[in-house]
Undergrad: 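Submitted below is the structure of interest, expressed as structure tokens.
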Amino acid sequence: MSGDNPIPKPAAERPDPDVSAAGCAPCEGGSDFIREAIREDLRTGRYDHVHTRFPPEPNGYLHIGHAKSICLNFGIAQDFGGKCNLRFDDTNPTKEDVEYVESIQEDIRWLGFDWEDRCFYASDYFEQLYQWAEELIRKGRAYVCDLTPDQVREYRGTLTEPGRESPYRNRSPEENLDLFRRMRAGEFPDGSRTLRAKIDMAHPNVNMRDPVMYRILRARHHRTGDKWCIYPTYDWAHGQSDSLEGITHSICTLEFEIHRPLYEWFIQALGIYAPRQIEFARLNLTYTVMSKRRLLQLVQEGLVRGWDDPRMPTICGLRRRGYTPEAIREFCRRIGVAKYDGVIDISLLEHCLREDLNRRAPRVLAVLRPLRVVIDNYPEEQVEQLDAVNNPEDPGMGVRQIPFSKVLYIEQDDFRETPPPKYYRLSPGREVRLRWGYFIRCTHVLKDPQTGEVLEVHCTYDPATRGGNAPDGRKVKATIHWVSAQHALPVEVRLYDHLFTKPDPDDVAEGADWRANLNPQSLEVVSPAFVEPSLQDAPVGSRYQFERLGYFSVDPDSAPGRLVFNRTVSLKDAWAKIAKQQGQDA
RNA sequence: UACCCGGUGGUGUAACGGUAACACAAGGGACUUUGGCUCCCUAAUUCCAGGUUCGAAUCCUGGCCGGGUAGCCA
């Protein structure tokens with residue numbers, strides 16, 4: 001940019017930015033430092049198109065942090081009229097498995113992205129990588145080293161002291177070539193030799209101190225089988241794979257920043273096409289752990305029920321919980337992209353979810369903790385079908401009918417024998433509205449003579465208020481939900497809370513580890529809960545708002561006649577706040 | 001202790017040398033057949049010190065603080 005005019009023009013007078021750059025479209029994902037860098041590259045002609053890639057290692061399930069990267073890489077491709085490849089970074093057969101490549105593909109598709117016919121594997125390039133390695137050997141830029149792993153570490157030096165050169169560093173290209181070919185041929189035991197780039201053992205960046213390019217490893221690879229007993233390291237494979245695929249912008253997380261000089265060194269030593277690596281901060285979320293290692297630990301130690309446990313931040317966990325791809329994408333859009341390594345408040349994720357579900361989830365009535373209500377003046381055998389609006393946010397979603405009868409269940413929380421201040425639900429003498437039903441007034445209660453617990457609430461109803469409006473115009477302070485006892489469906493409901501009790505799971509006492517902060521109440525099973533009969537055939541995965549309670553989705557554990565619901569997220573609850581301020585347990 | 005990167009309300013992100021803004025969270029209010037939604041309002045921000053400039057969150061220097069890096073992991 002040439003800042004020739006010190007006073008900026010108002011936006012309306014400014015020429016449209018970037019329209020001249022080839023393939024540059026408006027940025028739906030907003031703008032961030034990466035998109036700016038790309039625009040600059042297009043403007044200066046460093047690249048004339050945009051091609052990104054999402055490069056997971058198939059050694060675990062994708063999580064919400066990957067979603068950030070997926071939205072970034074595919075989103076940038078969309079914004080700039082380019083393409084985004086899926087590439088599995090499968091250079092370590094000891095950790096990888098087809099189970100993961102399949103789940104990763106499923107999750108990316110579910111999130112709404114498409115790599116078309118461009119699903120690649122680093123292992124596709126093993127032969128090319130091998131040939132390039134020989135080329136570097138011939139150029140005297142790589143050598144076979146016989147140091148043991150311990151010795152390599154020792155020779156590398158430390159962060160503050162330079163390393164020492166390997167005694168094998170100055171072998172001739174001929175000898176190196178011979179040794180390297182024999183490495184490939186399987187003449188040497190695992191770990192006995194490596195191929196290393198010949199760079200600088202005194203380099204202040206330890207990644208440049210003759211990094212390992214190949215190790216000997218007899219492990220069956222999920223794609224190449226037993227063809228190879230030497231495998232390239234990340235550093236040797238990644239940049240060359242990017243180059244081969246014609247990637248323009250290789251976007252990765254901050255911890256690879258210090259690898260960039262090496263990334264560029266290999267490309268330059270080979271004299272091949274050069275992509276540009278740009279790093280951004282990975283996602284951190286409050287009340288959540290995100291590292292693959294920890295997620296794996298949660299699963300393996302049985303701390304959760306599996307990778308798709310609805311409490312997990314994995315994509316499959318969120319999906320099972322009832323999250324929508326739209327909510328996750330919107331979240332990723334709103335958090336932005338930067339190099340500052342911060343922590344996102346999980347309430348932003350929950351906000352995006354509610355915003356989406358509010359718009360699309362049909363409403364139903366369900367009672368989690370039933371309290372029996374008897375309408376004393378309602379005819380014994382009578383059943384009425386009442387009209388209920390499916391979604392006040394969207395009249396197009398229509399109306400359904402729900403049965404009403406003499407005996408109902410309401411929520412225990414919606415009745416208080418002695419109401420606290422500002423409580424305006426049902427209590428003796430008070431009148432409330434039953435959603436889509438009648439006004440009812442509490443006359444008296446039946447209690448357990450031993451415990452004093454309220455067993456049954458007796459009410460009278462006003463027949464003139466059918467549907468919920470009083471002809472005389474009188475108002476009630478509260479509308480509560482209910483189900484007809486004889487028509488309600490018993491179901492299981494699983495209520496979830498944050499997996500950790502602290503915003504930062506690492507915030508633990510001396511000697512304890514993050515597991516000490518696991519929330520023992522992160523899962524609460526309510527069974528039976530009661531839902532209105534219209535839910536009878538609700539399909540797995542379908543989402544509903546249980547009015548006044550939250551959003552719920554049907555769990556795959558459901559069987560015919562035995563529905564299981566996950567609470568995806570609760571509704572915001574102003575009363576809970578008031579009650580909390582009053583020092584009650586709400 | 002070496003090198004790299006970063007630091008803007010509680011949290012995250014904008015502002016591209018010209019009045020520090022948006023969202024979430026928080027607090028208050030209006031509305032309401034969901035104490036939901038929606039709407040309105042309030043409080044709250046440039047790490048510090050110098051320098052350049054008419055003017056600095058932005059450029060420069062120094063400091064402070066935070067993160068990353070010493071796998072034959074990625």
Undergrad: Give a yes or no on whether a salt bridge exists between E36(A) and R43(A), defined as a side-chain N under 4.0 angstrom from a carboxylate O.
TA: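 Between R43(A) and E36(A) there is no salt bridge, as every charged N stays at least 4.0 Å from the carboxylate O atoms.
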Undergrad: Looking at H481(A), does any N or O in its side chain come under 4.0 Å of the phosphate oxygens OP1/OP2 on rU34(B)?
TA: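 For rU34(B), OP1/OP2 do not have a side-chain N/O of H481(A) under 4.0 Å.
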Undergrad: What about H259(A), does its side chain sit under 3.5 Å from the base of rA74(B) through a donor-acceptor pair?
TA: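 Side chain to base: pair present.
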Undergrad: I'd like to know if E393(A) pairs up with R360(A) as an ion pair, taking the criterion as any Lys NZ or Arg NE/NH1/NH2 lying under 4.0 Å from an Asp or Glu carboxylate oxygen.
TA: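 Salt bridge absent between E393(A) and R360(A).
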Undergrad: Does Q581(A) put a side-chain nitrogen or oxygen below 4.0 Å from OP1 or OP2 of rG27(B)?
TA: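 Q581(A) to rG27(B) OP1/OP2: side-chain N or O found under 4.0 Å.
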Undergrad: Where the side chain of P204(A) is defined as all heavy atoms beyond and including C-beta, which of rA25(B), rU34(B), rA2(B) is the nearest nucleotide?
TA: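 In terms of side-chain proximity for P204(A), the closest of rA25(B), rU34(B), rA2(B) is rA2(B).
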Undergrad: Can you tell me if the side-chain N/O atoms of R548(A) get under 4.0 Å from OP1 or OP2 in rG35(B)?
TA: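 Checking rG35(B) against R548(A), a side-chain N or O does come within under 4.0 Å of OP1 or OP2.
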Undergrad: CZ of R282(A): more than 12 outside heavy atoms within 6.0 angstrom?
TA: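 It does not: R282(A) CZ has 12 such atoms or fewer within range.
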Undergrad: Could you summarise the pairing of RNA chain B as dot-bracket text, marking Watson-Crick and G-U pairs under 3.5 Å with ( ) or [ ] inside the strand and | across strands?
TA: .((((((..((((....[..)))).(((((.......)))))....(((((..]....))))))))))).....
Undergrad: Heavy-atom count around K477(A) NZ within 6.0 Å, excluding the residue itself: above 12?
TA: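 Open.
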Undergrad: Would you call D124(A) and R223(A) a salt bridge, using N to O less than 4.0 angstrom?
TA: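 Salt bridge flag = yes for R223(A) with D124(A).
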Undergrad: Starting at OH of Y340(A) and ending at C1' of rG10(B), how long is that distance when rounded to a whole Å?
TA: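 These atoms are roughly 12 Å apart.
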Undergrad: Using a 4.0 Å heavy-atom cut-off across all strands, classify L254(A) as base, sugar-phosphate, or nothing.
TA: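 Contact class for L254(A): none.
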Undergrad: Below 3.5 Å, does any donor atom in the side chain of E257(A) face an acceptor in the base of rU69(B), or the other way round?
TA: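 When only heavy-atom distances are counted, E257(A) does not reach the base of rU69(B) through any donor-acceptor pair under 3.5 Å.
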Undergrad: Within this structure, what is the CG-to-C1' distance between D235(A) and rC72(B), rounded to whole angstrom?
TA: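 Taking atom C1' of rC72(B) as the reference, CG of D235(A) is at 12 Å.
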Undergrad: Would you tell me whether Y168(A) and N176(A) have side-chain atoms, one donor and one acceptor, within less than 3.5 Å of each other?
TA: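 No.
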Undergrad: Atom CZ of R260(A) to atom P of rU69(B): distance rounded to whole Å?
TA: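 It works out to 16 Å between those atoms.
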Undergrad: Syn or anti for rG71(B)? Use the chi torsion, O4'-C1'-N9-C4 for purines and O4'-C1'-N1-C2 for pyrimidines, with syn inside 90° of 0.
TA: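 rG71(B): syn glycosidic orientation.
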